[in-house]
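Below is one structure, written out as structure tokens, with a few remarks after it.
Please read these numbers as outputs of a predicted model, since none were measured by experiment. Start at 1 and go down the list; that is how both ligands and their atoms are numbered. All residue numbers refer to positions in the sequence shown, counting from 1.
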Amino acid sequence: MERFGLVGLPNAGKSSLYNALTGGGALAAPYPFATKDPNIGVARVPDDRVDRLAEMSASKNVVHAQVEVVDIGGLVEGASKGEGLGNKFLANIREVDAIVFVLRAFENDDIVGSPDPLEHLRVVELELALADLEAVEKRLTQATRQAKLDKTLGDEISALQQAEEALSAGRPLYRAGLNDEVKAALAPYFLLTNRRVLAVVNVGEGDLDDIPAAEAKVAAEFNDAGDNVEIIGMCVQLEAEAAAISDPAERAEMLEGFGLGEGALFRMVRSAYHLLGMRTYFTTGEKETRAWTFYEGSTAPVCAGRIHTDFQRGFIRAEVIQWDELLTLGSWSKARDAGKLRVEGKDYVGQDGDVMEFRFNV
Ligand SMILES: Nc1nc2c(ncn2[C@@H]2O[C@H](COP(=O)(O)OP(=O)(O)OP(=O)(O)O)[C@@H](O)[C@H]2O)c(=O)[nH]1
Ligand SMILES: [Mg+2]
């Protein structure tokens, strides 16, 4: 399962966001370092399409896609030199697939410091870059020495030098325009900034109208990061309150009341999904409707393999239809009678929103 790590200054709202995503009971409190040990939980990927397909099929069981969320302790200036939770904090970040920066833009009388998300971003990025710089320099010294005997180290040294150049200017690697070969050469070092980033801008409940402007401001700051970064603004507090309402109709009513549409958690997980190249297909029937995660560009047999390796090994063909077309037709059998189920072979590339049924033989 993919892991997202929540990273930011103390009091940014990381634990509140974690609770909203996982329904978890992490301590969220208006003092720094409320979180010491990381909280790890599973977030259901909210996806309206699953519920609507389940309703259509009158499914007994409904299974959403899931991702793992890690709520990491707050980071402060000097963390790369051991300040605050220091190195412990950095070790937690090495274990995640994508970093989610939580940047505080809300005011709270109990919390000191300016609510400027760009200032917070600069502190966090600098600490991560400095920690990476130290690791890169150490390895570079070592590799340069070894290269006298081992001529194959040239590419690695060149990758490390490119990384060093960016990092010593305080620039995280996701902003450094490194090509895929260089990124791959650096992968064994689990550098903190050699991965993709989702930035959550946490605005106050009175500033919902400012969300687009807050997003734009942070996006402008990331203008050199290309598609390594996505930005999403939300009021974590309100999203957390909405997420705590178990009745879907009531929850929708609350979000609607604040003009928040489907809610930002859905958009957030979708952005995180997109960032890591993850897509969703569905299976639906009376027994179960279920969302399955696959990577963009996966062929039908690979998609089938997410269910069971036998499905991939013995793949014969898939019947496929987009979820909304299926909903319009009303049922799988009606879609078949109308000749709307496409029959696809092993070269078919799965699309987000496909509903699939596989034929296999082992
Ligand atoms: N007004 C307001 N308060 C918020 C919002 N999001 C979080 N808070 C409050 O800010 C305080 C800090 O939130 P946490 O979620 O504990 O922050 P954290 O980032 O986990 O902090 P550390 O674990 O100390 O690093 C809590 O009292 C939250 O209730 C928000 O959108 N609006
Ligand atoms: Mg916390």
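Near Ser15, the atoms of ligand 1 lying under 4.0 angstrom from a non-hydrogen atom of the residue are 15 (O), 18 (P), 20 (O). Atoms of ligand 1 found under 4.0 Å from any heavy atom of Val203 (numbered from 1 in listed order, with element): 31 (O). In the vicinity of Cys235, heavy-atom distances shorter than 4.0 Å reach the ligand 1 atoms 31 (O). Of all atoms in ligand 1, numbered sequentially from 1 with element shown, those under 4.0 Å from a heavy atom of Val236 are 31 (O).
Between Asp227 and Arg196, at least one side-chain N (NZ, or NE/NH1/NH2) sits under 4.0 Å from a carboxylate O, which counts as a salt bridge. Electrostatic pairing of Arg175 and Asp224 counts as a salt bridge here, judged by a charged N lying under 4.0 Å from a carboxylate O. Ionic pairing of Arg342 and Glu325 is not present here: no N-O contact between side-chain nitrogen and carboxylate oxygen is shorter than 4.0 angstrom. With respect to the salt-bridge test (charged N to carboxylate O, under 4.0 angstrom), the residues Lys183 and Asp180 qualify.
Relative to the ring axis of Tyr281, Arg279 does not place its NZ or CZ within 45° and under 6.0 Å from the centre.
Ser16 OG, 3.8 Å is the protein heavy atom nearest to atom 28 (C) of ligand 1. Counting only heavy atoms of the protein, atom 25 (O) of ligand 1 lies nearest to Lys14 NZ, 2.9 Å. Given atom 32 (N) of ligand 1, the protein heavy atom at minimum distance is Glu205 OE1, 3.0 Å. Looking from atom 8 (N) of ligand 1 to the surrounding protein, the closest heavy atom is Gln237 OE1, 3.3 Å. Counting protein heavy atoms only, atom 23 (O) of ligand 1 is closest to Thr35 OG1, 2.8 Å. In terms of protein heavy atoms, atom 16 (O) of ligand 1 is closest to Ala29 N, 2.9 Å.
Using modelled atom types, one side-chain atom of Gln322 and one backbone atom of Asp352 make a donor-acceptor pair closer than 3.5 Å.
Checking only distances, Gly13 does come within under 3.5 Å of ligand 1, N or O to N or O. In terms of polar-atom proximity, defined here as any N/O pair under 3.5 Å, Asp71 makes no such contact with ligand 1.
Of the listed options Asn108, Asn11, Asn202, Ile111, Asn11 places a heavy atom closest to atom 21 (O) of ligand 1.
For the ligand labelled ligand 1, residue Ala12 lies inside the 4.0 Å heavy-atom shell.
Between Met56 and Trp323, the closest side-chain pair of non-hydrogen atoms is not below 4.5 Å.
Nearest heavy atom pair, residue Ala300 against residue Phe358, reads O-CE2, 3.8 Å. Nearest heavy-atom pair, Asp310 versus Val362, reported as atom, atom and distance to 0.1 Å: O-CG1, 3.5 Å.
Ser16 lies apart from the Mg ion (ligand 2) in this respect, since none of its N, O or S atoms is found at a distance under 2.8 Å.
Between the side chains of Gln142 and Arg145, no donor-acceptor pair of N or O atoms lies under 3.5 Å.
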